[in-house]
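Step one of this worksheet: look at the structure below.
Every value quoted in this text rests on a predicted model; they were computed, and no experiment measured them. Starting from 1, each residue takes its place in the sequence as its number.
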Amino acid sequence: MNKIKRFSLGKLFENNKFVLAVSLVLAFAIWLGYSMYGGEQQERSIDVQVQMDSMTVPKQFNLQQFGDYSNSTVTVTIVGKKAVIGTVNADDIKVVASTLDVNTAGKHTLPLSVSIDSTKDFQILSTNTLTVEVYFDTYKEVKVAVTTDLSAEPTVPDGYELGTVILSEDKLKAHGPSTEVSKIDKILAKAEIDKQLTNTKTYKAAIVAVDQYGNEIQNIEIDNSDDFTITIPVFKLAKLPVSVEFTNMPRGISEEDLNIRYSVSNINIAGEPATIDKMESIVIGTIDFSELNNTENSFSFDVSSLAGIKVKSKISSIDVNVDLSSFKSKDISIPASKIEIVNSTALNAKITTSQLKVTIAGLTDAVEDITANDITVVLKVDEGAKTGENRQMEVSVKVNNQDNMWVIGSYKVAVDIT
């Protein structure tokens, strides 16, 4: 049987290859430790943001810090062991501007204090500056009318006209240090525009506050300035005939069947080009067919203000005559028993009008053949009805299955509510 050989450390060190390997490992460890924790110290520069010690500004002066100093930095040079220096960042260093001596408005040169704000082992060698300039003043705000400052005077070709320029806001609030705000002479809305326009256009404007000499004022803020716009309206000119629209016109009757006369047949207008290009006439009003008798019907329409257009003609109203003298009419009595009651309430409704007299009109002699059986009358009980009331309620009246005819006027019946 073979005997188990015992491990001998002494014999291991008699092996030249093993001794060489151990020597190399120890040498590397010694070098690494020396590099990290011993030897020459290294320098490094870091940009550190300045903090304002604004709490030391005496409150009785009502002073505030103005201007954007959030990006003010100081370059700080530090020294330390290589391994430590590589881990230091801006958060490990504090740079504070002292406002202890600030007691008046204006620019102040503030001394800086630089300190280590960390447990890391390093030292501060130097900084690229020992001071920073900061502006202090009392606060003021004003509202100022906006003045346009366009790159060119807008023009339009023949057949068009310019409207009044529209600003997204007429006034803007400016606020900041009193000294600077007090210098504001005007707020300008500056925009690059097209020299000639054929359509209404909106431009984004840059907002600038200037003094009486036209110099831009610094260190102030102007609210709602980022999305400020200037709109230059452009209107197309046209001369078009006037017209009216009819509602509830019966089937079988068209405007060609009506004798319509206008006191003014054409007017001059201005409007958005896209709107004007679609117009064949100017609708000055609406007439409900139930308002028309088979006689001459007169209406007057105000044209001083029409939706979507401007009237350029010097005229305030137009009279319209609708002559239906050639149409036929007939009076028909409808007994109360033939009036349909639609009642969605819990109340009882009883018609006390014995009969309802209605007038129908039409284009042909067929009107003479219409009877009460050809007419439907419906009463819809008012939801506001109350028990014990006797009141007039409106009914709807229509001619059944007949073209060329309509019911003239509106009608009511007396109703008892129980």
Side-chain angles (χ1 to χ4, degrees), residues 49-52 54 62-73 105-107 133-157 159-237 269-278 305-310:
Q49 186 172 315
V50 176
Q51 301 177 35
M52 294 295 162
S54 56
N62 292 319
L63 296 175
Q64 296 183 27
Q65 170 194 325
F66 293 98
D68 184 10
Y69 298 98
S70 60
N71 294 322
S72 295
T73 59
K107 276 191 176 181
E133 279 198 342
V134 182
Y135 185 80
F136 292 91
D137 206 339
T138 55
Y139 176 82
K140 184 177 182 179
E141 63 181 43
V142 293
K143 272 203 167 184
V144 183
V146 180
T147 303
T148 57
D149 184 7
L150 305 179
S151 60
E153 186 69 29
T155 60
V156 290
Y160 294 80
E161 71 173 12
L162 288 168
T164 303
V165 173
I166 302 170
L167 306 178
S168 55
E169 293 192 51
D170 294 329
K171 290 184 177 183
L172 291 175
K173 184 172 78 173
H175 53 96
S178 298
T179 304
E180 300 302 311
V181 172
S182 299
K183 294 178 184 177
I184 298 175
D185 179 61
K186 61 181 69 173
I187 290 179
L188 299 178
K190 295 186 172 186
E192 295 287 331
I193 69 165
D194 302 300
K195 190 170 183 181
Q196 189 173 76
L197 302 171
T198 55
N199 285 290
T200 296
K201 292 195 74 172
T202 297
Y203 300 91
K204 187 170 176 58
I207 299 300
V208 178
V210 297
D211 61 20
Q212 59 180 328
Y213 305 108
N215 300 314
E216 184 175 349
I217 298 171
Q218 305 295 329
N219 296 327
I220 64 169
E221 293 185 20
I222 302 175
D223 291 349
N224 304 324
S225 60
D226 291 342
D227 300 316
F228 197 92
T229 58
I230 297 174
T231 300
I232 303 177
V234 174
F235 301 112
K236 190 172 184 179
L237 304 175
I269 61 170
E272 288 287 341
T275 300
I276 296 297
D277 290 341
K278 294 177 182 177
S305 176
L306 295 176
I309 60 171
K310 294 193 302 180

request  = Report yes if some heavy atom in the side chain of Asp170 is under 4.5 Å from a heavy atom in the side chain of Val146; otherwise report no.
outcome  = no
message = Rounded at 0.5 Å granularity, tell me how far CD in Glu192 sits from CG in Leu150.
response = 9.5 Å
query = Does any N or O in the side chain of Thr275 come within less than 3.5 Å of the main-chain N or O of Gly271, such that one atom is a donor and the other an acceptor?
reply = no
ask   = Atom CG of Asp137 and atom CZ of Phe66: how far apart are they, to the nearest 0.5 Å?
value = 6.0 Å
query = Does the side chain of Asp211 come within less than 4.5 Å of Ile184's, by heavy atoms?
reply = no
ask   = Ser178 side chain to Thr138 main-chain N or O, any donor-acceptor pair under 3.5 Å?
value = yes
query = With a 4.5 Å limit on heavy-atom distance, are the side chains of Val165 and Ile230 in contact?
reply = yes
request  = Please work out whether the ring planes of His175 and Tyr139 are parallel, tilted or perpendicular, with thresholds of 30° and 60°.
outcome  = tilted
inquiry  = Measuring from atom CG of Leu197 to atom CG of Asn199, what distance do you get when rounded to the nearest 0.5 angstrom?
reply    = 8.5 Å
ask   = Does CD in Gln196 sit with more than 12 non-hydrogen atoms of other residues, nucleotides or ligands closer than 6.0 Å?
value = yes
ask   = Side chains of Thr202 and Thr229: donor-acceptor distance under 3.5 Å anywhere?
value = no
query = Any side-chain heavy-atom pair from Gln65 and Val134 closer than 4.5 angstrom?
reply = yes
message = Check this for me: Asp227, atom CG, are more than 12 non-hydrogen atoms of other residues, nucleotides or ligands nearer than 6.0 Å?
response = no
inquiry  = side-chain contact (heavy atoms from CB on, under 4.5 Å), that's the test. Do Lys201 and Ile232 meet it? Break it down for me.
reply    = CA-CA 6 Å; Lys201 292 195 74 172; Ile232 303 177; 5.7 Å; no
message = With a sphere of 6.0 Å drawn around NZ of Lys310, does it hold more than 12 non-hydrogen atoms of other residues, nucleotides or ligands?
response = yes
query = Less than 4.5 Å apart, any side-chain heavy atom of Glu272 and any of Thr200?
reply = yes
request  = Starting from the C-alpha separation in whole Å, work towards a yes-or-no answer on side-chain contact (heavy atoms from CB on, under 4.5 Å) for Glu169 and Lys171.
outcome  = CA-CA 6 Å; Glu169 293 192 51; Lys171 290 184 177 183; over 6 Å; no
key: Distance-minimising heavy-atom pair for Gly163 and Phe235   = CA-CE1, 3.6 Å
request  = Evaluate the side-chain contact (heavy atoms from CB on, under 4.5 Å) criterion for residues Asn224 and Leu172: first the C-alpha distance (whole Å), next the side-chain angles of each, then the deciding distance (0.1 Å), finally the verdict.
outcome  = CA-CA 7 Å; Asn224 304 324; Leu172 291 175; 4.2 Å; yes
query = For the atom pair NZ (Lys107) and CD (Glu133), what is the distance rounded to the nearest 0.5 Å?
reply = 5.5 Å
note = The reported gap from CE in Met52 to CZ in Phe136 (rounded to nearest 0.5 angstrom) is 6.5 Å
Derivation and outcome, side-chain contact (heavy atoms from CB on, under 4.5 Å), residues Ile207 and Ile187 = CA-CA 7 Å; Ile207 299 300; Ile187 290 179; 3.6 Å; yes
task = Establish, from distance only, whether the side-chain atoms of Tyr203 and Asp194 form a donor-acceptor pair under 3.5 Å.
result = yes
remark   = Here the pair of heavy atoms bringing Ile276 nearest to Ala270 is CD1-C, 4.3 Å
inquiry  = To the nearest 0.5 Å, what is the distance between CD1 on Ile269 and CG on Leu237?
reply    = 9.0 Å
query = Taking the side chain as C-beta and beyond, is there a heavy-atom pair between Ile220 and Val181 under 4.5 Å?
reply = yes
key: Contact check, side chains of Lys140 and Pro177, non-hydrogen atoms, under 4.5 Å   = no
Lys236 versus Asp277, closest heavy-atom pair with distance = NZ-OD1, 2.7 Å
query = So, for Gln49 and Thr73, which heavy atoms are closest and what is the spacing to 0.1 Å?
reply = CA-CG2, 4.0 Å
Close side-chain approach of Tyr135 to Thr179, heavy-atom, < 4.5 Å = yes
inquiry  = Give me the atom names and distance for the closest heavy-atom approach of Ile222 to Ala174.
reply    = CG1-CB, 4.2 Å
task = State whether the number of non-hydrogen atoms from other residues, nucleotides or ligands found under 6.0 Å of Lys204 atom NZ is greater than 12.
result = yes
